[in-house]
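Keep in mind the model is a prediction, meaning the values are calculated, not measured. Sequence lines set the chain letters: A, B, ... in the order given, protein chains first and strands last, and positions in each chain run from 1. Quick note: numbers below take in every heavy atom, side chains included, and nothing from hydrogens, waters or symmetry partners.
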2 protein chains.
Amino acid sequence: MDTEDTRRATIGDVAAHAGVSVTTVSHVLSGRRPVSTATQQKVRRSIDLLGFRPNEIARSMRSQRTHTAALVVPNIAHVVYPFVARGITEELRPLGYQISIYDTDDDPVVKADVLQVITDRRVDGVILFGFDITSTDAAVLTGASIPFVNGGLNAEVDGPYDCVRSDQRAGLEITTRHLIERFGGPLAFVGGLPGDGPADLRESGFRRAMAAAGLPVDERLVARVPYSWEGGREALAQLLAKDLPIRAVVCANDLIAIGGMAMARERGLRVPEDLAFTGYDNIEAGTMVVPTLTSVESFLDEQGRSCARLLIDRLGRGYGGPARHVSIDTALVVRASSGGTGS
Amino acid sequence: MDTEDTRRATIGDVAAHAGVSVTTVSHVLSGRRPVSTATQQKVRRSIDLLGFRPNEIARSMRSQRTHTAALVVPNIAHVVYPFVARGITEELRPLGYQISIYDTDDDPVVKADVLQVITDRRVDGVILFGFDITSTDAAVLTGASIPFVNGGLNAEVDGPYDCVRSDQRAGLEITTRHLIERFGGPLAFVGGLPGDGPADLRESGFRRAMAAAGLPVDERLVARVPYSWEGGREALAQLLAKDLPIRAVVCANDLIAIGGMAMARERGLRVPEDLAFTGYDNIEAGTMVVPTLTSVESFLDEQGRSCARLLIDRLGRGYGGPARHVSIDTALVVRASSGGTGS
DNA sequence: CAGTATCTGCAAATCGTCTTGCACACCACG
DNA sequence: CGTGGTGTGCAAGACGATTTGCAGATACTG
């Protein structure tokens with residue numbers, strides 16, 4: 001038996017209980033018009049007694065604002081996105097925004113659907129992270145006058161939308177330069193498969209650093225494999241089989257580097273004494289393998305925070321004005337795999 | 001300047017454009033009353049022309065349903081929660097629910113606030129994962145008649161709420177038994193700090209398996225440290241310093257095990273020939289360290305799916321009926337750290 | 001004492017959708 | 001020609017809050 005009334009109290013219930021009109025209750029709540037102290041107290045007591053809380057749906061209906069920002073990501077289980085989400089939340093929650101995270105399951109159809117749904121729900125703003133934005137996607141949002149920010153690896157620096165990214169090319173230049181300074185050469189490079197998002201950017205970073213140091217790239221020492229531990233093992237097996245001298249390996253991400261190190265050690269090489277390694281992304285596993293892995297930190301939480309700030313800014317300015325582009329710096333984290341200690 | 005009208009079309013605009021009443025448009029949309037084919041076509045054309053989409057806020061207001069479920073987690077950046085989120089999404093999205101993920105920043109105050117806010121927004125249901133539910137938390141939700149399900153390590157099997165958990169005690173019994181069968185003894189145990197959520201449960205699993213095998217627990221071989229890589233290193237350093245014979249180490253999670261293995265190898269021990277290890281949680285890093293780590297998989301996505309199913313069920317049945325409790329089985333994953341191959 | 005501010009508080013309209021009660025037209029049947 | 005279905009469509013009233021126009025009390029001013 002429900003002793004409790006199942007329906008939540010409305011502002012009307014409060015007004016009736018306090019013996020005033022709904023207007024008065026609303027004014028007590030919002031403070032937009034003066035209300036006598038006596039009346040205020042009556043009203044507040046009724047509110048407490050009835051456990052009244054304003055219905056946000058009704059509020060949104062009236063005010064046309066939902067105090068909600070949506071974060072859309074391709075796959076929340078991919079390591080990078082949770083950190084981005086935390087950065088965004090930290091920035092936006094204090095301003096009274098709730099963050100709803102939506103996962104598109106790596107499926108463009110689901111992405112389109114999600115975008116439509118959040119548009120129908122009239123979120124105040126959207127942060128897309130980790131996508132190539134299609135013009136249809138953008139049209140859905142702009143058509144509903146919903147501001148959005150694009151972040152992540154594929155965010156177009158030159159696009160017409162606000163965007164945030166980290167400069168991966170520069171990041172790979174840093175690791176390459178680091179290995180050149182410490183060991184000279186010859187250097188091998190293990191990249192991701194072409195077309196896999198950041199692969200081209202990262203490889204171009206390697207090449208640029210080599211060129212800047214006046215070193216030629218030996219194409220026999222360039223391998224491209226899936227961004228995985230197994231990929232790294234395979235790449236190193238191939239490289240070592242060629243029996244060419246190699247002093248260090250620049251890897252395009254940490255999984256490849258960790259797999260590569262494992263293979264090198266299986267083949268009797270000492271890391272970093274015989275062969276040094278660097279990775280990219282600074283994943284947790286890199287701190288737990290032996291030797292610990294030199295990598296590049298791209299400050300995902302900061303990327304998230306930047307997205308949030310851009311969105312806030314856009315919320316204030318409306319759709320007008322130029323698109324803003326923010327680049328987040330990366331940082332080298334030197335560990336044992338490249339000789340360790342300091343940078 | 002704005003060629004586009006910034007306001008989205010409403011059902012009224014459609015009606016005016018098609019020369020019919022809003023009722024008719026609504027009936028075309030919902031199909032709840034027959035509408036002549038000619039009228040239907042007129043209306044549909046107007047809808048397309050105007051790009052009309054029903055305002056979900058207004059819909060929710062009217063229907064008292066938001067088609068939204070909230071997932072609340074302590075910290076989305078903690079490895080386990082994204083997988084849970086994926087499981088939930090997979091189960092709930094096909095049923096037309098949107099999933100909003102909320103992060104409480106490991107802060108009970110934020111948790112209370114988030115719960116209040118999602119209540120105010122009238123989500124249809126809530127999944128709490130990874131919390132100790134306080135009676136206040138529950139009261140907020142039940143007071144608003146919002147069904148919820150509690151999942152995760154601390155979900156109370158005997159509590160009055162629907163809940164899902166994996167049997168960690170059984171999981172640790174499995175690893176302990178596995179090591180006993182392979183190596184006999186003596187066995188050491190490295191657990192988490194007492195009071196840190198699952199620590200007590202996991203330790204009791206170890207003890208139960210030892211008792212079942214008729215083996216005494218040597219308390220000198222029991223260490224308790226933070227659930228971290230550093231904790232594992234420290235624990236092994238302490239244990240090895242005692243200079244007692246140890247054949248294998250049961251660790252309460254993978255981070256501890258990986259750190260412990262690293263320390264053991266630094267001290268010149270071979271893993272698993274001199275000292276075998278097992279972990280718990282089956283994190284990715286365990287597949288990348290040398291030797292690879294034997295662990296326990298607890299099927300987080302399946303836990304998520306179960307939560308979702310329980311919630312759906314509750315959504316259908318309403319608040320009545322008994323609380324349901326689901327336990328998700330765990331599975332041993334044997335890798336090199338305990339001798340490898342097969343189970 | 002009349003005239004004018006300043007407080008208070010109410011009634012009613014609004015946000016966008018869905019649903020219910022009616023009404024009108026048309027057809028068929030006895 | 002009445003009677004009773006079907007189709008078809010409109011007007012009006014929720015849902016729960018906010019805001020605006022008004023009006024009755026007071027209090028202050030000349």
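Proximity of I11(A) to F52(A): side-chain heavy atoms (C-beta onward) are separated by under 4.5 Å at one or more points.
For R62(A) against dG16(D), no side-chain N or O and base N or O form a donor-acceptor pair under 3.5 Å. Side-chain to base pairing of R121(B) with dG16(D): no donor and acceptor N or O lie closer than 3.5 Å to each other.
Distances shown here put a side-chain N or O of T39(B) below 4.0 Å from the OP1 or OP2 atom of dG9(D). Within the structure, every side-chain polar atom (N or O) of Q64(A) is placed at least 4.0 Å from both OP1 and OP2 of dT14(C). One finds a side-chain N or O of R59(A) lying less than 4.0 angstrom from the OP1 or OP2 phosphate oxygen of dT18(D).
Of the residues near DNA chain D, V35(B) and R122(B), the one whose nearest nucleotide (by heavy atom distance) lies more toward the 5' end is V35(B). A residue-by-residue look at P34(A) and A58(A) shows that P34(A) has its nearest nucleotide of DNA chain C further toward the 5' end. Between T23(B) and Q40(A), the one whose closest nucleotide on DNA chain C sits nearer the 5' end is Q40(A).
With dC22(D), dG16(D), dT19(C) as the choices, the nucleotide that has an atom nearest any side-chain atom of S26(B) turns out to be dT19(C). Distances from the side chain of R33(B) to the nucleotides dC15(C), dT20(C), dG21(D) place dT20(C) closest.
Counting any heavy atom pair closer than 4.0 Å across all strands shown, S36(A) reaches sugar-phosphate atoms only and no base atom. As judged by a 4.0 angstrom heavy-atom cut-off over every strand, R32(B) is placed among residues touching the sugar-phosphate backbone only. If you check every strand for non-hydrogen atoms under 4.0 Å, R53(A) touches sugar and phosphate atoms only.
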(request) Take R86(A) and N75(B) through the test side chain to side chain contact (heavy atoms under 4.5 Å, CB included) and record every step on the way to the result. (result) CA-CA 8 Å; R86(A) 301 245 337 146; N75(B) 181 346; 3.1 Å; yes

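For the contact set between residues 9-21 of chain B and DNA chain C, defined by any heavy atom under 4.0 Å, the members are T10(B), I11(B).
At whole-Å resolution of the value, CD in E56(A) and P in dG16(D) are 14 Å apart.
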